[in-house]
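Hydrogens, waters and symmetry mates play no part in the numbers below; they use all other heavy atoms, side chains included. Predicted, not measured: the structure shown is a model, and the values here were computed from it. Per chain, numbering begins at 1; letters A, B, ... match sequence-line order.
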Amino acid sequence: MSAVIVLSEPEKVCYRPGETVRGTAQWAGSPSVKSVQLLLFYHTEGKGSRDVVVHEAITFENIATMASQIFEVTLPSQPWSFSGKLVSVRWALELVVRGTKRNEKEVAQVGLLVSPTGKEVTLYDHEALPNETETKKEPWFKFTLSQ
Amino acid sequence: MSKGANEKAGGCVGLVFGGVFTFVGIGMLIFMIKLWTNEAKTRTWSKVPCMLLSCEIIDHGPREESPFEITGQFSYTFEGQAYESSKMRSKSQREQYYEDLSLLRRELIEETREGLFCYVNPRDPTEAILRRGSLLSSTLLLLFPLPFVGFGLLALFVSLKSMRTKREDGIDSLSEQATTTAKQGRYGRWIGVAFFGVFALAGLGLGWFFCFKPKLKARQAESWIEVPCEIVWSTLRRNDGDSDSGPTYRPDIFFRYELDGAVYHSNSYTFLRSSSSARSKHRATVRNYAAGTQHPCYVDPETPERAVLQREMGWSWVVLFPLVFTSIGLIGIFYSLRTRRSFAEAKASFASQTENEASVGPHILKPETRRSLGFVTVLLFALFWNGFISIFVSVAISEWRSGSPEWMLMLVLIPFLIVGLGLLLAVFYTFLSLFNPKVEITLDRHPVIGGRPVRLSWKMSGTANRLRRFRMSIEAEESATYRQGTDTRTDRETFYAHTVLETTSSLEMYRGSGECVLPEFLPPSFESENNKIVWKARVIGEIAWWPNLEEDYPMKVLPSESVS
């Protein structure tokens, strides 16, 4: 058995929140394949216990007659891919091909970068953020006394 | 230590913990099953009429742990053949309390008049008993080790699962862990409820046996008759218990009394059948009720076999145990349900909400922790800690007064006393902070959208003029919860802080408003089960010779539509 994910835009580095990801899921070993599932999920990395949250799961049908399927998944508005001292969030697409035998499976993973800035947001590097400097130039806070 | 090593160490601790629990639980279960089968087999015995030939209670004296024994003889006929037996009941013929046996004797004598029955083993008709034990009690006892076995097996299962290594053939499926996490979350809620439910039930059970039942009896005993009684013997009983809590003691006073010309005996000192570590107090009681002395005792006129030397029941420290168990149980159930629900709610709301769905309108931010709740929590914990320690302190003092000071106990108590004093200081500190000025922060829209202006107003009530310096800021922090060994810890790190106001002027502190824009390209609020991004308004006020004002007001931040 084998599992492969081919994205429609393989050169694309980063996706914006809410954008659609397109591609093809491919697998081999039809007679012994029991199920094929594509999952869009994020997981945390860092000091804390790992959290994994599945945003969307697609179960492919007609797996006996076909060895590939085109897919389309829409990214949510958040969480973004970010990196901090304690917590980082990573998005990924995973193709899980299960065989008829117990514990028989193949897994293919593709990491996705989901960010409005075009690159991973780093929590402590505010300078690297677009418009951030511009925002700082303006008076950030004006307070008025109302008696 | 690395995170992986921590998890592995935690898994090993869990394995040992689970193994010990399972082992102890199975041991208890085997013992209880043996008791249950002994009791259950008497249910198959034949019920036949019989005749009580003799029945008396023997006092074996104060040296015996269970000094009273019921003896007697009864005759019966089974399949045409006559037999005699002296086995009065399925459980032991001996008892610590005379009253239990004298009530049994009274029942047997009364039943003899109406028609007495006994139970004969059909396989061996020489074996017969007059009284069978309660199968319900034996069945309930059978349930007692089940939580031990259950928790032990669960701990083993979870530990083994967490220690399971990656797939041998390469890439591990991360998304499958999500299913596991979700399942654990769902089950975790009910495991927490079950665990704390056992605590609450144990507390209620203890409360019934140690508080309410004796208190009820004491109330009924107000109408009992006072008669003079003579002490036959008195002794101090020692219960070794487990090695951690040390031995406990109770006075055992056997006395004789007369009512309507008949002589009765009893050794019930109070209605509470328990022992405590107050050795000196119990020893003084035994000395007071020395053999041969006369004292008043109280007799139930309807059942003269029931009598007691002390019918008043004060609220002693024994009440503390059921109270603590029940409180821990109920608080645990509340938090098990609340934590899981809040996470589920947060997950649902964070994933779906966008800028357009965000509600517009004034919104008052709530402080992260309520001061009164903080004070009550610290107060309860201090009461519990110091109440528990006071038992050992009183033992140490009474031992010291009696001339045999327990130096080791005193030394061991020192660190616990220091913590107790620290807790009392914390109670005082949190009490004073209740009187700090209150800050009300209002946003003109909530959730806040990154990159969009938001109007923030503040209003202070209370004595703001006591503040020497006041600072209000908007901060964002990342928070990670992890397990280290058997502990669960949460680390926090602030990655964004912007001072809104820093002033020493009371006028500025009292009231004001302003417009601010949160950074558009920093992550909005995020919450998963163990990891978070939290945005909040933070206020700090310095007060001379008083606890400082320090409060966080969490707010929800959403990404703007323009970045999606």
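- Contact annotation for A/L86: both backbone and side-chain heavy atoms come within less than 4.5 Å of a heavy atom of chain B.
- Of the atoms belonging to B/T494, it is backbone heavy atoms, and not side-chain ones, that fall under 4.5 Å from chain A.
- Under the side-chain hydrogen bond (donor to acceptor under 3.5 Å, both in side chains) rule, B/Y482 has a single partner from B/D491, B/T488, B/N531, B/T490, which is B/D491.
- Using a 4.5 Å cut-off between heavy atoms, B/S479 touches chain A through its backbone atoms (N, CA, C, O) alone.
- Within the 4.5 angstrom heavy-atom criterion, only side-chain atoms of A/V96, from C-beta onward, approach chain B.
- Remark: aromatic rings of B/F526 and A/Y42 are close, center separation under 6.0 Å.
- Classification of B/E477 and B/K536 as a salt-bridged pair holds, one side-chain N sitting under 4.0 Å from a carboxylate O.
- Neither the backbone nor the side chain of B/R489 has a heavy atom closer than 4.5 Å to any heavy atom of chain A.
- Remark: A/K85 is not positioned above the aromatic ring of B/F495, lacking an NZ or CZ atom under 6.0 angstrom from the ring centre and at most 45 degrees off the axis.
- Under 4.0 Å is where a charged nitrogen must lie from a carboxylate oxygen, and between A/E120 and A/R90 at least one such pair does.
- For chain B, no part of A/V114 is nearby; none of its heavy atoms comes within less than 4.5 Å.
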